[in-house]
Amino acid sequence: MDALSGLLSGFSIALQPINVGLALGGVGVGTFVGMLPGIGPINAIAILIPVIFAAGMPPESALILLVGIYYGSQYGNSISTILLNVPGTASAVVTAIDGHAMTRDGRSGPALAISAIASFVGGTLSIFGLVLFAPLLAAWAIRFGPAEYFALMIFAFSALSSFAGGSLVRALASTGFGLWLATVGLDPNSAIPRYTFGQLQLLDGMDFVVVTIGLFAVSEVFQLLEETDRGQEAAAAIGRVAVSTKELALTGWTMLRGSVLGFLVGVLPGAGGTIASFLAYSTEERMAGRSGRFGQGDIRGVAAPESANNAAANGALIPLLTLGVPGSGTTAVLLGALLGLGVTPGPLLLEEQPDLFWGLAASMYVGNAFLLLLNLPLVGVFVKALQVPRWILIPSVAALAFVAVYAVNGSAFDLVLMTAFGAVGYLMRIFGFPLAPVVLGLVLGPLMEKNLRRAMALSGGEWGVLFDSPIAITLWAMAAASLLVPTLLRRWTRELVETTPEEGL
Amino acid sequence: MTEPPGDAVTTPTGTGPASTDDGDASRAAGAGPSGSGADRLVGGALLVGGIATGLEATTFDVAFLTDPVGPKALPLFVAVTLALAGASMLARPREGVGLPPRSAAIRMAGAAGAFLIYAAVLPWIGFYLATTLVVAALAVLYRGPAKGGLAAGLVLTTVLWLLFVILLALPLPVGELWTR
């Protein structure tokens, strides 16, 4: 009942012309950037943040736009995955298997259509989950004290490090690097400078927009230079973007199962779309048994991961909004944006700013409907963008990144920092360090330190306070399990490990 | 002005001179996949960086503590994490890190140089000229035609001007050279 009335009030916000426009703009930009190499959701969001701040957009509108990009890019990413077999993020790797196989069979039309429909199903069902579960989690989290928050953040770090793909040691080093960056600048409690190297510009600390754009966008500009020696792939011609009712009937349950699974996995920090799409795919493959043609262009092999990763993306918004603790690089950037807009996500958000939460949820229905309606007829237009030569596309992306970074403080020093982080990000990529934990560490680090110091101040310096409540102990246990379980799982199943290093889920 | 790019990854503290060059050295020397040497260098740099981070953290003394933990705790925790990760990489380095081929590495260095020059001249020659030039330079590095790159730069700069200055009323630096 509550959720229903909340949603109704949310629609009164989401249906305001400006917000409809922003939802449409968000999913449009999201589809576009999700498809192109070099940008991806995390960069698109980071690049837009200074613009949004400068434009003085109200928080609910800003959030509608940013989240539109966030879930729109999930779909855009599938377009290039299906047509060109170049999964831009790890969560699309599974889609590539059957999606590209369908393209080779000349069935790219149905593949794109089912991807749009599955994304829509996963997206809309998970918004349902969002409005049902977020209030419950918020009501529970209201009892969290600083010690519980500290433990929760440790869990977020350990889970992301553990699921980031590749080596746990390197992921932990990435997290440590991010936390170190968070300490740069004046310590808020004692006002002593930490790791500023005597640079006045560093007293204010590292801006997450500068770091994110450097690590992700600029390093991608470097990385793609390496690939220019290879030719640019041409996208195959697309047939009619539609599915038959038979195909729809075949994939109906697949999409439902994928959505539920994806949502549940998405709520957990760290796991996100990659794990969700792998699990959904392997579940369907097993259930189909001999009747399936998985790996050779089975349409269910597209429907399953597509519904799962969209549902997971929305599920990941729950811990962000109700606990204020993101579980991925991209949601960490969203948290940074919210904090910059003067919104502190957490259990009180629903009570104190119901318009923000319900308006966002309602706008996600609007945005997902736009995605489906626009993409079925317009996918051919979007694909044209894949034909723009790299030498125009990448420098343009770089110039956008420069403007955004410069707009943060109006300082050229930030451009130097950005370049440095670009080089760092490139080296991290080739040496197998995941980038997302750096952003999470940078954004969450100050909050983690604040909660630690608050908990210790309350206890008078007694460290036992961190393990004093059942909730805290549970969270510590979950943190430990998230580090140990995947390592053990890897011993048994080689499959899950074979993910490419993730790029900001 | 600041430390060379590539410093922060290997030595988050930037205090260890031995490790400052690691990133750049391995990149410049890199041609094709390497053995475990490059990975060992990174591990060593992390170890040294972690130790330096920890040493620096011990100097964060405040006259009277406002809270029992103080400004040292998180940096020390970070220092231990980095040092342990570095030590573990040293012990078990990874083979065959995909270092870029020499020609790509040179073009990457060119791009980084172009970005730094851009940052240096931006306040001076202004956003419009600097951005047009940096887009053209990048286009050439991406093996595009020089004239086409210049044209792309002009078009893009115009679009950005329309977007930021006209639509959003966000001023972009015009350049001291022209306003003086």
Side-chain angles (χ1 to χ4, degrees), chain A residues 51 54-55 169-170 172-173 175-177 179-181 183 187 189-190 192 194-195 197 199 218 221-222 225-226 228-229 389-392 394-396 398-400 402-403 406-407 412-413 415-424 426-428 430-432 445 448-449 452-453 456-457 460-461, chain B residues 1-3 5-9 12-14 23 27 39 42 46 53 56 60 62 66-71 73-75 78 81-82 85 88-89 94 97-100 104 107-108 111-112 115-116 118-120 122-123 131 134-135 138-139 141-144 148-149 152 156 160 164 168 170 172:
Chain A
V51 180
V169 167
R170 280 158 216 254
L172 287 173
T175 304
F177 179 47
L179 286 172
W180 175 76
L181 289 174
T183 65
D187 169 41
N189 270 35
S190 59
I192 67 161
R194 295 190 287 189
Y195 306 109
F197 310 107
Q199 297 281 323
V218 177
V221 169
F222 291 148
L225 268 172
E226 198 175 329
T228 45
D229 294 339
R390 284 264 167 96
W391 62 264
I392 295 179
I394 308 298
S396 307
L400 269 176
F402 295 163
V403 183
Y406 186 80
F413 177 74
L415 291 168
V416 176
L417 271 184
M418 174 203 78
T419 310
F421 278 108
V424 169
Y426 175 74
L427 289 172
M428 289 179 70
I430 62 174
F431 282 97
M448 185 174 99
E449 190 176 24
L452 172 66
R453 289 162 93 166
M456 296 298 286
Chain B
M1 185 171 183
T2 180
E3 278 115 69
D7 174 54
V9 68
T13 60
R27 209 152 56 106
D39 210 48
V42 172
L46 264 178
T53 304
E56 176 78 7
F60 298 154
V62 277
T66 44
D67 59 305
V69 176
L74 183 62
V78 166
T81 308
L82 292 177
S88 154
M89 280 176 68
R94 186 179 283 185
V97 171
L99 294 174
R107 277 183 295 143
M108 284 177 206
F115 296 172
L116 291 176
Y118 178 77
L122 181 69
T131 305
V134 79
V135 168
L138 256 189
L141 286 170
Y142 269 93
R143 299 198 190 284
L156 189 72
L160 288 174
F164 282 85
L168 293 166
L170 283 177
L172 294 166

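Each chain gets a letter, A, B and so on, in the order its sequence line appears, and its residues count up from 1.
Side-chain atoms of B:Phe60 and A:Ser190, non-hydrogen and from C-beta on, never get closer than 4.5 Å to each other.
Ranked by heavy-atom pairs under 4.5 Å with chain B, the first of A:Gly460, A:Gly176, A:Ala407, A:Gly445 is A:Gly176.
Summarising the geometry of B:Pro75 relative to A:Thr183, their closest heavy-atom pair is CG-CG2, 4.2 Å, with the distance given to 0.1 Å. Contact record, A:Val169 with B:Ser88: CG2-OG, 3.4 Å, taken as the closest heavy-atom pair. For the residue pair A:Leu225 and B:Tyr142, the shortest heavy atom distance occurs at N-OH, 3.3 Å.
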Show your reasoning for whether side-chain contact (heavy atoms from CB on, under 4.5 Å) applies to B:Met89 and A:Arg170. CA-CA 8 Å; B:Met89 280 176 68; A:Arg170 280 158 216 254; 3.6 Å; yes

Working for side-chain contact (heavy atoms from CB on, under 4.5 Å), residues B:Leu74 and A:Leu452: CA-CA 9 Å; B:Leu74 183 62; A:Leu452 172 66; 5.8 Å; no

Given B:Leu160 and A:Leu400, is the side-chain contact (heavy atoms from CB on, under 4.5 Å) satisfied, shown in steps? CA-CA 8 Å; B:Leu160 288 174; A:Leu400 269 176; 3.8 Å; yes

Stepwise, does the side-chain contact (heavy atoms from CB on, under 4.5 Å) test hold for B:Thr81 with A:Thr175? CA-CA 9 Å; B:Thr81 308; A:Thr175 304; over 6 Å; no

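For B:Thr131, the side-chain hydrogen bond (donor to acceptor under 3.5 Å, both in side chains) partners at least two apart in sequence or on another chain are B:Tyr118. With sequence neighbours left out, A:Val51 forms a side-chain contact (heavy atoms from CB on, under 4.5 Å) with A:Leu48, B:Phe164, B:Leu168.
Of the possible polar contacts, none joining the A:Tyr406 side chain to the B:Ala119 backbone as a donor-acceptor pair under 3.5 Å is found. Judged by distance alone, with hydrogens and angles left aside, the side-chain atoms of A:Tyr195 form a donor-acceptor pair with the main-chain N or O of B:Thr53 at under 3.5 Å.
Residue contact with chain B, scored on non-hydrogen atoms closer than 4.5 Å, involves the backbone and the side chain of A:Leu179 alike. Looking at A:Ser396, both its backbone and its side chain come within 4.5 Å of chain B, counting heavy atoms on both sides. Both the backbone and the side chain of B:Val135 come within less than 4.5 Å of a heavy atom in chain A.
Taking the six-membered ring where tryptophan is involved, the planes of A:Phe222 and B:Phe115 are essentially parallel, since the angle between them stays under 30° and well short of 60°.
Of the inter-residue distances, the one linking B:Met108 atom CE with A:Glu226 atom CD reads 4.5 Å to the nearest 0.5 angstrom.
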